[in-house]
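Whatever order the structure lists them in is the order used to number ligands and atoms, beginning at 1.
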Amino acid sequence: MSDLFSKFDDLIAMREGLLSNGVTDPFNLVMEKVESPTVAICNGRRTILLGTYNYMGMTFDPDVLAAGHRALDEFGSGTTGSRVLNGTYAGHRAVEQALKDFYAMDHAMVFSTGYQANLGVISTIAGKEDYIVLDIDSHASIYDGCALGNAQIVPFRHNDIEALEKRLKRIPPEAGKLVVLEGVYSMLGDVAPLREMVRVSKDNGAMVLVDEAHSMGFIGEHGRGVAEAQGVMDDVDFIIGTFSKSVGTVGGFCVSNHPKFEILRLVCRPYVFTASLPPSVVATAATSIRKLMDSADKRAHLWENSKRLHAGLRQLGFQLGTDEPQSAIIAVIMPDLETGAAMWEALLDEGLYVNLARPPATPAGMTLLRCSLCALHSEEQVGEVLTMFAAAGRATGCIS
Ligand SMILES: Cc1ncc(COP(=O)(O)O)c(C=O)c1O
C-alpha cells in the first residue's frame, strides 16, 4: 500500500528540524486566557497581542457581548441547518441589513466564513468558459474559489496595473471576465492601486470583485475599505468581507448592487450545503457592524498606532514590508525561517505575540513577523512593543 502521507515528508522534516533546535512551536501557541482585545495570558505570562486581526477591538465591546448573550438565550446555541432550509433566523436577515446599510448597497449575503464567501461567489459566477484575472498574491480562498468553479485562471504580477491590462487584452473579447483584487494584501500590509485597476478592468469589459477582508472597518471614511478610500465603490461589482477581523467574530459576506444577485442563494454551493452561523454570532456581528459605522475616532487612533509602530521599527533598523504604513499590518522581514522562529520566540518570552508567516502563505519565499495593530492598543503599549522588538532583535542578531 502506498502511503498517501508521503507527499508531506519534506514539510514534516522541515518542522522537525526547526523544533529540534529547541524553539517553541510557533504554530501551536495556546491563549490560556484572553483579557482584552490587546492582552492575553500565554505560557502563564501577560502577553501583548500584536498578531490578531482584531483591528477595531470589537471582541469585548459591551454592546456586542450583550447582543450575543441575548441571542443565545432567545434563539439557542445553533441553527442546525442551511440558510435555504431551517437556518435563516431573524438575526441572519438583521446582519444582512446591517451590511447593506454599512456599504450603502442593495444586496448582502452572509456565509459561514470569509473563506466560504470567496469560495462560493467566485466559483458560482465564473465557470468553465470564463476567465478569472487575479493578482498572483491572492489569498488561498480566492484560488480555491477559482479551482472549484473550474474557470481559466490568469494571474498577473502583484499590484502591477500594466500586467493586469496586458492579461485582459489577451482574453477573447466575448468571454466572461472577472478581475479579483484585494484591498489590503495581508502578508505585507500593502494596498492595491484599485482606482487604476478598476478602470482598466472596466475598460476591458470585466466584472470586478474586491476582497476587503483586511480593510473593512478601518480604511475609508466610513470604514468600507480601500474601494471607498480610492473612490471606486460604484464601479466594483462585488465586495467580499469577513466577520473574523474588524467585526470581531466569525462569518463572511458578499455585498453587491447587481440586480440578479439574489439568485446566488439558490445556486451557490458553499452557501446552500452548509449550516448557517449560530444566532449569537450573527447578533454580535450585526451590533459590531452598526458600531463600526460610527468609529471615526478609533480609525484615527489606529492610523496613529500604525504610523508610530512603522516609524519605530524602522528606526531600530528592521526591514519592513512597505516603505510607508499603508494599513494596520506592519510586516517585519526576517532573513530566514530559523532566525524568524528564534525572533518570534524571543518576542514571546518578552511578552509579545506576533504572527510568524512563511511560504507558501508569504510572497517571494519570505519569512515575516507580521504585526497587526488594534485600535485599542494604547500609545504606551506601542512603546512597550518597540522596547521588546529592540531587545529581541539584539538578542537574535537581527539588528545591531
Ligand atoms: C484576504 C482574505 N480573504 C478571506 C479570508 C478568509 O476569512 P475567514 O477567516 O473569515 O475565513 C482571509 C483570512 O485570513 C483573508 O486574509
Side-chain angles (χ1 to χ4, degrees), residues 27 49 51-56 58-59 92 95-96 99 108-123 132 134-148 155 158-159 178-192 194 197 208-219 224-227 236 238-255 268 270-271 274-278 281-282 284-286 288-289 292 321 326-331 354-363 368 370-374:
F27 307 111
L49 298 174
T52 75
Y53 295 131
N54 203 351
Y55 301 124
M56 296 297 281
M58 300 306 285
T59 50
H92 297 84
V95 74
E96 285 173 345
L99 284 165
M109 192 166 152
V110 166
F111 292 77
S112 298
T113 63
Y115 177 90
Q116 280 164 281
N118 270 330
L119 195 70
V121 174
I122 295 173
S123 66
I132 298 177
L134 81 172
D135 189 295
I136 197 152
D137 288 350
S138 293
H139 190 260
S141 56
I142 293 173
Y143 276 104
D144 292 356
C146 297
L148 186 66
H158 178 56
N159 272 353
L178 177 68
V179 171
V180 180
L181 305 167
E182 293 179 31
V184 170
Y185 285 86
S186 65
M187 287 298 138
L188 297 179
D190 55 334
V191 160
L194 283 190
M197 288 187 153
V208 180
L209 178 151
V210 180
D211 181 335
E212 297 270 20
H214 294 273
S215 37
M216 182 198 183
F218 172 37
I219 295 183
R224 290 173 189 154
V226 177
V236 169
F238 309 97
I239 290 180
I240 294 282
T242 172
F243 298 161
S244 72
K245 307 191 194 306
S246 287
V247 178
T249 176
V250 67
F253 63 88
C254 180
V255 292
C268 179
Y271 176 86
T274 195
S276 64
L277 288 166
V281 167
V282 285
T284 56
S288 178
I289 291 163
L292 289 176
Q326 296 185 17
S327 68
I329 300 166
I330 311 284
V354 297
N355 288 146
L356 178 65
R358 61 169 182 84
T362 53
L368 302 171
R370 228 158 34 121
C371 307
S372 28
L373 286 147
C374 173

Measure the distance from atom 3 (N) of ligand 1 to every protein heavy atom, then report the residue, atom name and distance (to 0.1 Å) of the closest one. D211 OD2, 2.6 Å

Test your reading of the model: is there a side-chain donor-acceptor pair from N355 to the backbone of G51, 3.5 Å cut-off? yes

Just by modelled atom types, is the T284 backbone N or O under 3.5 Å from a matching donor or acceptor in the S288 side chain? no

Do you know which two heavy atoms are closest between A357 and R370, and how far apart they sit? CB-NE, 4.3 Å

Hey, is ligand 1 close enough to Y53 that some N/O pair sits below 3.5 Å? no

What's the shortest heavy-atom distance between Y115 and D144, and which atoms? OH-OD2, 2.6 Å

Kindly indicate, with the supporting measurements, whether the criterion side chain to side chain contact (heavy atoms under 4.5 Å, CB included) is fulfilled by L134 and C146. CA-CA 10 Å; L134 81 172; C146 297; 4.1 Å; yes

Closest non-hydrogen atoms of D190 and Q326, given as atom of the first, atom of the second and distance, are CA-OE1, 3.3 Å

Strictly under 4.0 Å, does any heavy atom of G252 approach an atom of ligand 1? no

Subset of ligand 1 atoms that lie under 4.0 Å from at least one heavy atom of E182: 1 (C)

Residue, atom name and distance, where the atom is the protein heavy atom closest to atom 5 (C) of ligand 1: H139 CE1, 3.5 Å

Output yes when a side-chain donor or acceptor of S327 lies under 3.5 Å from a complementary backbone atom of V191, and no otherwise. no

Checking a contact table here: which protein heavy atom is nearest atom 10 (O) of ligand 1, and how many Å away? T242 OG1, 2.6 Å

Between H214 and ligand 1, which part of the residue brings a heavy atom under 4.0 Å of the ligand: side chain, backbone, both or neither? side chain

Do E182 side-chain atoms and A192 backbone N/O form a donor-acceptor pair below 3.5 Å? no

Under 4.0 Å from one or more heavy atoms of G251, ligand 1 contributes atoms 10 (O)

At under 4.0 Å between heavy atoms, which part of I142 makes contact with ligand 1: side chain, backbone, both or neither? neither

Starting from atom 14 (O) of ligand 1, what is the nearest protein heavy atom, named by residue and atom, and what distance separates them? K245 NZ, 2.8 Å

For the 3.5 Å polar cut-off, considering only N or O atoms, please tell me whether G114 and ligand 1 meet it. yes

S244: numbered ligand 1 atoms lying under 4.0 Å from its heavy atoms: 8 (P), 9 (O), 10 (O)

L49/N54 under side chain to side chain contact (heavy atoms under 4.5 Å, CB included): CA gap, chis, key distance, verdict: CA-CA 9 Å; L49 298 174; N54 203 351; over 6 Å; no

Polar proximity ligand 1 side, Y115 side, N/O cut 3.5 Å exclusive: yes

With heavy atoms of N118 as the reference, note each atom of ligand 1 found under 4.0 Å away. 3 (N), 4 (C)

